[in-house]
Amino acid sequence: MKPGAVHEFFRRLAAREPQPKTELVFRDPFTLLVAVVLSAQATDASVNRATPALFKAAPTPRKMAALGPEGIEPLIKTIGLYRTKAKNVAKLAQALLDNHGGEVPHDRDALQALQGVGRKTASVVLNAVWGDPEIAVDTHVFRVGNRTGLAKGKTPEEVERKLGKVVPAEWKRHAHHWLILLGRYTCLARKPKCPECPVADLCAFKGKTTV
DNA sequence: ATCCCGAGGG
DNA sequence: CCCTCTGGAT
């Protein structure tokens with residue numbers, strides 16, 4: 001996709017929903033990090049429903065670690081994968097205490113060393129907390145990037161690197177979420193709704209059937 | 001490649 | 001009822 005088209009692509013997404021309602025609202029790095037870990041393979045709605053109770057009981061790494069997996073589980077039962085996630089979050093909180101003075105590290109490798117934190121989660125946190133230029137690549141962003149021609153790549157790392165180069169700096173804060181929304185509601189995996197897509201005319205896909 | 005695991009939608 | 005879902009670890 002040509003630079004001019006890329007700019008227009010994001011200009012339209014920005015115009016459609018400047019501040020996405022479904023973005024996670026947490027400011028505090030710790031609660032944001034935990035919320036992002038919990039959101040893996042779960043809908044926004046379940047995370048939003050479950051987290052208030054969890055963060056009331058354990059707003060800090062110290063209290064979260066003290067709660068332990070057994071204490072955390074019942075608070076996040078309505079999220080899928082709750083057993084794994086409770087275990088991860090407890091371990092993660094303990095690691096923050098042991099290795100990072102109870103603070104969320106501003107460092108990709110340190111983040112990814114935490115239990116339950118992979119590349120995508122680390123990128124979301126780096127971007128949301130510190131405004132780093134990372135643009136997280138999940139399944140939606142991967143598909144949209146490849147289909148549209150915005151950022152083609154065989155691996156999420158490649159797609160992320162290309163997005164980092166191509167997305168105008170002014171929009172990096174929200175680019176991840178805009179692409180997710182586009183993928184979730186319009187650029188569907190099985191049957192993309194090209195006729196109602198705001199960037200169809202800029203897209204390389206043109207109603208093909210793969211990727 | 002497979003498991004985790006409930007919620008929500010078709 | 002059957003399928004998918006804003007990953008990560010093994």
Side-chain angles (χ1 to χ4, degrees), chain A residues 13 16-17 19-26 31-54 69-70 72-96 104-105 108-129 132 134-148 150-151 153-160 163 167 171-193 196 210-211:
Chain A
L13 296 187
R16 181 160 83 158
E17 196 173 0
Q19 307 286 333
K21 297 183 287 293
T22 46
E23 252 178 7
L24 294 172
V25 292
F26 306 98
T31 52
L32 175 72
L33 171 60
V34 173
V36 178
V37 169
L38 294 179
S39 75
Q41 291 296 93
T43 63
D44 293 341
S46 12
V47 176
N48 288 334
R49 201 177 325 109
T51 43
L54 177 66
E70 308 79 7
I72 297 170
E73 256 191 45
L75 297 173
I76 61 171
K77 212 68 178 198
T78 58
I79 306 181
L81 315 180
Y82 63 89
R83 213 170 311 172
T84 308
K85 288 177 180 178
K87 217 175 294 177
N88 286 348
V89 168
K91 198 165 174 186
L92 175 159
Q94 188 61 51
L96 290 181
V104 176
R108 172 177 292 284
D109 291 334
L111 285 170
Q112 290 187 203
L114 297 169
Q115 189 68 27
V117 180
R119 183 178 185 86
K120 178 256 176 180
T121 299
S123 293
V124 172
V125 172
L126 288 170
N127 180 283
V129 175
D132 286 8
E134 332 284 16
I135 294 167
V137 174
D138 51 43
T139 57
H140 286 324
V141 178
F142 186 77
R143 182 179 68 255
V144 170
N146 274 297
R147 250 187 203 165
T148 56
L150 184 63
K154 294 189 166 120
T155 67
E157 288 81 359
E158 287 174 5
V159 172
E160 177 166 321
L163 283 177
V167 178
W171 290 318
K172 288 196 175 176
R173 268 284 188 185
H174 298 293
H176 167 65
H177 207 77
W178 287 328
L179 293 171
I180 285 179
L181 293 176
L182 187 63
R184 173 69 183 86
Y185 296 107
T186 307
C187 193
L188 306 184
R190 300 299 187 88
K191 198 172 165 44
K193 301 180 176 179
E196 62 182 64
T210 50
V211 182

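Note that this is a predicted model, so its numbers are computed, not measured. Order of the sequence lines fixes the chain letters, A, B, ..., with proteins taken first and strands second; residue numbering starts at 1 for each chain.
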Taking all non-hydrogen atoms of both residues into account, name the closest pair between A:Thr78 and A:Ala50 and its distance.
OG1-CB, 4.1 Å
Between C:dC5, C:dC3, C:dG8, which nucleotide gets closest to the side-chain atoms of A:Gln41?
C:dC5
P gap between C:dG8 and B:dA7, integer Å
22 Å
Whole-Å gap separating C1' (C:dT10) and CG (A:Leu81)
15 Å
To the nearest angstrom, how far is A:Glu160 atom CD from C:dG7 atom C1'?
14 Å
Counting only side-chain N and O atoms of A:Arg119, is one of them less than 4.0 Å from OP1 or OP2 of C:dA9?
no
Rounded interatomic separation in angstrom, taking CG from A:Leu114 and C1' from C:dG7:
15 Å
Between A:Thr84 and B:dC3, is there a contact of a side-chain N or O with OP1 or OP2 at under 4.0 Å?
no
Output the rounded distance in Å from CD1 (A:Ile79) to C1' (C:dG7).
14 Å
May I have the distance from A:Leu188 (atom CG) to B:dG9 (atom P), rounded to whole angstrom?
14 Å
Looking at C:dA9, C:dT4, C:dG7, which one has an atom nearest to any side-chain atom of A:Ala40?
C:dG7
Quick one: label A:Leu38 by what it contacts on the DNA or RNA (base, sugar-phosphate, nothing), any heavy atom closer than 4.0 Å.
nothing
Could you check how far CG of A:Asn88 sits from P of C:dA9, rounded to whole Å?
7 Å
Counting only side-chain heavy atoms from C-beta out, which of C:dC5, C:dC3, C:dG7 sits nearest to A:Ala189?
C:dC5
Would you mind telling me which residue lines up with the more 5' stretch of DNA chain C, A:Ala42 or A:Gln112, judged by nearest nucleotide?
A:Ala42
Candidate nucleotides C:dC3, B:dA7, C:dG7, ranked by approach to the side chain of A:Asp138 - the nearest:
C:dG7
Contact summary for A:Ala86 and A:Glu73, nearest pair of heavy atoms
CB-CG, 3.6 Å
Quickly work out the A:Arg184 CZ to C:dC3 C1' distance and round it to whole Å.
12 Å
When all nucleic acid strands are considered with a 4.0 Å heavy-atom cut-off, which category describes A:Lys77: base, sugar-phosphate, or nothing?
sugar-phosphate
Inspect the surroundings of NZ in A:Lys87 and state if more than 12 heavy atoms from other residues, nucleotides or ligands are less than 6.0 Å away.
no
Looking across every strand, which nucleic acid part, if any, lies under 4.0 Å from A:Ser46 by heavy atom: base, sugar-phosphate, or nothing?
nothing
Donor-acceptor pair, A:Lys85 side chain versus A:Ala40 backbone, under 3.5 Å?
yes
On the nucleotide B:dC5, are OP1 or OP2 found under 4.0 Å from the side-chain N or O atoms that A:Arg83 carries?
yes
Rounded to whole Å, please give me the gap between NZ in A:Lys85 and C1' in B:dG6.
9 Å
Test your reading of the model: is there a side-chain donor-acceptor pair from A:Asp132 to the backbone of A:Glu134, 3.5 Å cut-off?
no
Indicate whether OP1 or OP2 belonging to B:dC5 is found under 4.0 Å from a side-chain N or O atom of A:Tyr82.
no
What does A:Val141 touch in the nucleic acid at a heavy-atom separation under 4.0 angstrom: a base, only the sugar-phosphate, or nothing?
nothing
Looking only at heavy atoms, what is the nearest atom pair of A:Ala42 and A:Val47, with distance?
CB-CG2, 4.4 Å
